[in-house]
Amino acid sequence: IDILFETISAFGTVGLSMGLTPVLSLPGKVLIILLMIIGRVGPVTLVLALTGIHQKNIKYAEENIWVG
């Protein structure tokens with residue numbers, strides 16, 4: 001239960017801990033760090049960045065401005 005709480009808290013970037021983080025091994029700490037980064041960036045943003053899908057059909061509004 002403690003490990004599940006730590007991982008969900010890291011992914012949600014909540015900042016809560018059950019005190020388990022200091023006693024984790026190095027790979028465990030790296031995993032917690034990666035979960036924090038993924039949770040901060042956001043899963044959708046991360047998937048779009050990794051797949052390389054970009055929308056190129058953007059149209060900007062144009063208008064003549066009268067001054068005077």
List the atom pairs, donor and acceptor, that lie under 3.5 Å between side-chain atoms in residues 34-43 and the rest of the protein, sequence neighbours left out.
none

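Cluster annotation: I32 and I3 are assigned to the same hydrophobic cluster (Ile/Leu/Val/Met/Phe/Trp/Tyr, side-chain heavy-atom contacts under 4.5 Å, transitive). Taken together through direct or relayed side-chain contacts under 4.5 Å among Ile, Leu, Val, Met, Phe, Trp and Tyr, L16 and F11 form parts of separate hydrophobic clusters.
Residues G15 and S9 share a closest heavy-atom pair of N-OG, 3.8 Å. Scanning all heavy atoms of the two residues, the minimum distance from L20 to E6 falls at N-OE2, 3.5 Å.
Summarising the geometry, atom OG1 belonging to T21 is positioned 10.0 Å from atom CG belonging to D2; distances are rounded to the nearest 0.5 Å.
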